[in-house]
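Report on one structure; see the data block that follows.
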There are 2 protein chains.
Amino acid sequence: MASRKEVAELAGVSEATVSRVLNGVGPVREETRQRVLEAARKLNYQIHALAASFARGRSGNLGVVLPHVPKVRLFSTYYFSEMLDGIGEAVRERGMGLLLLYRRPQEPFDYVPLFRSVRIDACIVLGASSLPEEEAGIRAMADEGLPFCMIDHRSGDGRASSVCAAHEEGSRRAVQHLIESGYRKIGFLNGSPWYSPSREREAGYMRALREAGLAPDPKRMFAGNYSRTSGRRAAEDVYARLRDLDAIFVANDRMAIGLMQALRERGVRVPDDLAIVGCDDSDAAAMVDPPLTSVRVPFGAMGRTAAERLLDRLPDWRGTESVFHETLATELVVRESSAPRS
Amino acid sequence: MASRKEVAELAGVSEATVSRVLNGVGPVREETRQRVLEAARKLNYQIHALAASFARGRSGNLGVVLPHVPKVRLFSTYYFSEMLDGIGEAVRERGMGLLLLYRRPQEPFDYVPLFRSVRIDACIVLGASSLPEEEAGIRAMADEGLPFCMIDHRSGDGRASSVCAAHEEGSRRAVQHLIESGYRKIGFLNGSPWYSPSREREAGYMRALREAGLAPDPKRMFAGNYSRTSGRRAAEDVYARLRDLDAIFVANDRMAIGLMQALRERGVRVPDDLAIVGCDDSDAAAMVDPPLTSVRVPFGAMGRTAAERLLDRLPDWRGTESVFHETLATELVVRESSAPRS
DNA sequence: TGCGAAAATGTACGCGCGTACATTACGTCA
DNA sequence: TGACGTAATGTACGCGCGTACATTTTCGCA
């Protein structure tokens, strides 16, 4: 491997000049620039990224922390893949690296050492909940004023930056859509309230009912944990209450699909006996029968936005002062599972 | 941030001893060890990972390169998520980092500079094809004897390590299962032949027919590109040939599901009019109606295996000599889409 | 032609660590 | 008690780069 010194010698300049040319800093005569580039090319010189990072004192990596759930699938792979895609684009455009870090959900996670050890320059947290164990790690980052951002989660700690989706509005639209389609006895199957989107969806559901002059009814509220299995389990309760229901809004597609399957096994027809609307518009929504009406969430754009905001502010990050919050719009995708009531 | 020097002073030892304790190398008196650890704890000392990597001349990162496909979804998110999970586990156990790198499919990709610039110590390539543009990058790595491994792809270049799945055997089993279930006119919808699993699945399909004394028939062979859309498109051809078919084996679940949907729209019943078996056993297979019989591929284990082999051999990697190949078993998961012929 | 400012380049050092090698402390056995 | 081998620790340096600062060159203008 050619060294910077060799390049300097071949080009007849000092190492500093080579460095300047390669980093595009400082004034350099065009002719010199060409000579250096030519020499570097000839020697097949590759900058030692590690040494460069070390000298700069920054790793050049954005850390992305996501929950690792071996068996139970509370999150769809779709969810994270889309966000990672968006983050990946933004990261690459800025010539940085994307360090993937897994954490165990519902357990404390030490984010701060990742910064102190200069493994990452900034951090994006995916799939976070409001559980105390998880919030603790977030708070620790906030205490240090470190550059990080949570996606799709509004932390109790206002010092945590976030990029979220308009779940409340999306849910309101979804339920409004059901009402406009002739449904009146609309239930709600929510996921764990430890996740902020759950609470927002419930608020949207409530608001839509209120706006339509419909009374919320505790008998129409069901609880799951975002897994398909929990949707199947909820089917039992839903089935028992079927005469109090003509539609149900479900907090994600996985549960909606599990619910739909289990209900079908009991002879319930969708949407004739019960209309269903899900959330996420994951690719599975279009695969099931009937295709599932769902609230689309721009996961990719959310990832991209979070990474962009974070990395663009990084050079002059001023701790808590630099905190940002952004909310991206959701969109209702209407399919057959919520066809107008006949 | 506390420095190594401060720790050394507080513990009353030299920096070298601190280093030895923290890295667990060389002989250190137990009492000294405790004093150093105590001092480090007291000062909240964090090793500067970047500096350590620099001094060692190794980044401590495993690069994982995967195709970035903005719109078209040739790969299911399931595919990569599972593999990343497995890789992530192995990487964490070894105290290394996982650097995620996106590449554009069907375009040349420069792997070698990632090594030369010491951004990564080893590399795993996901979703690779045999297209010349893609093979070129792989060959370049092999030429240098670099430590890398491809997952689920058998490269033309034997110097490329690989961890694959027994697709041929899995496919053979799938088709054999169809035959045992009473089907005789069995078609095959394959994905792009540029992917080695496609070729293996075709071989397995052929072998099962041959073993059962059935003649392959070009009229029963169909082509897609692994996307759900291509499955839908293939439905047209399949529908036209329906009287020559009573079952069809499809090279992945996405196409199988697209095909199933489009056929259903034309009034074809599964499995009564046409049985279907897919590949991958992605989570969607269990979500569709009827649930899809599919060949399970141990993506997670494949990721883990690749990372383990690679990282464990890394300390004394001897170029092409160290190349390895592994094939993990597949398993047929029978569901209703291939119920015995009535 | 001379001069001053800006442009261009060179010199020199530190970033924080791992580790080869030198040195010292310790324990054993004759 | 002295010599010797090994355990334990200290000293010193280099890894390859970015960059502050010193130095030289260039060029416009009087």
Side-chain angles (χ1 to χ4, degrees), chain A residues 1-37 39-40 43-61 95-97 113-119 121 315, chain B residues 1-37 39-40 43-61 95-97 113-119 121 315:
Chain A
M1 258 217 47
S3 69
R4 185 174 70 170
K5 181 151 69 166
E6 296 180 58
V7 176
E9 279 165 5
L10 180 56
V13 298
S14 71
E15 288 191 54
T17 298
V18 175
S19 186
R20 277 190 278 261
V21 169
L22 264 37
N23 291 302
V25 303
V28 176
R29 209 191 317 170
E30 179 56 23
E31 187 230 316
T32 310
R33 219 177 70 81
Q34 292 304 335
R35 260 208 336 274
V36 169
L37 290 177
L43 294 174
N44 195 14
Y45 172 73
Q46 273 289 332
I47 207 159
H48 193 304
L50 206 51
S53 288
F54 175 53
R56 271 194 253 268
R58 280 174 288 116
S59 70
N61 288 145
M96 296 191 61
L114 296 171
F115 288 89
R116 297 176 94 84
S117 70
V118 200
R119 254 177 269 267
D121 298 338
Chain B
M1 258 214 50
S3 70
R4 185 174 71 168
K5 181 150 70 166
E6 298 180 56
V7 176
E9 280 166 4
L10 179 56
V13 298
S14 72
E15 289 191 52
T17 298
V18 174
S19 187
R20 277 189 279 259
V21 170
L22 264 36
N23 290 303
V25 303
V28 176
R29 207 191 319 171
E30 179 57 24
E31 187 231 314
T32 310
R33 220 177 69 81
Q34 291 305 335
R35 260 209 335 273
V36 169
L37 290 177
L43 295 173
N44 196 12
Y45 172 72
Q46 273 291 330
I47 208 159
H48 193 304
L50 207 51
S53 288
F54 175 54
R56 271 192 254 267
R58 281 175 288 118
S59 70
N61 289 145
M96 296 192 59
L114 295 172
F115 288 89
R116 297 175 95 84
S117 70
V118 199
R119 253 177 271 264
D121 299 338

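Chain identifiers are assigned alphabetically (A, B, ...) following the order of the sequence lines, protein sequences preceding nucleic acid strands; residue numbering begins at 1 within each chain.
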Full working for side chain to side chain contact (heavy atoms under 4.5 Å, CB included) between L37(B) and L22(B): CA-CA 8 Å; L37(B) 290 177; L22(B) 264 36; 4.2 Å; yes
N23(B) CG to dT9(D) C1', straight-line distance once rounded to whole Å: 16 Å
Between P of dA7(D) and CZ of R33(B), the distance in whole Å: 17 Å
Describe the nucleic acid contact of [X] in one word from base, sugar-phosphate, nothing, applying a heavy-atom distance below 4.0 Å.
X: T17(A); value: sugar-phosphate
X: R29(A); value: sugar-phosphate
X: T32(B); value: sugar-phosphate
X: V25(A); value: nothing

Any N23(B) side-chain heavy atom under 4.5 Å of R56(B) side chain: yes
E31(B)/Q34(B) under side chain to side chain contact (heavy atoms under 4.5 Å, CB included): CA gap, chis, key distance, verdict: CA-CA 5 Å; E31(B) 187 231 314; Q34(B) 291 305 335; 5.9 Å; no
Counting N and O atoms only, with roles assigned by atom type, does the side chain of [X] sit under 3.5 Å from a partner on the main chain of [Y], one being a donor and the other an acceptor?
X: S53(A); Y: A49(A); value: yes
X: R35(B); Y: A11(B); value: yes
X: E6(A); Y: S3(A); value: yes

For chain B, the stretch of DNA chain C it reaches, first to last nucleotide, under 4.0 Å of its heavy atoms: dG16(C) to dT19(C)
R20(B) vs Q46(B), nearer the 5' end of DNA chain C by closest nucleotide: Q46(B)
Residue met sooner reading DNA chain C from 5', once R35(A) and A52(B) are mapped to nucleotides: R35(A)
Closest-nucleotide ordering on DNA chain D, the 5'-leading residue of A55(B) and A16(B): A16(B)
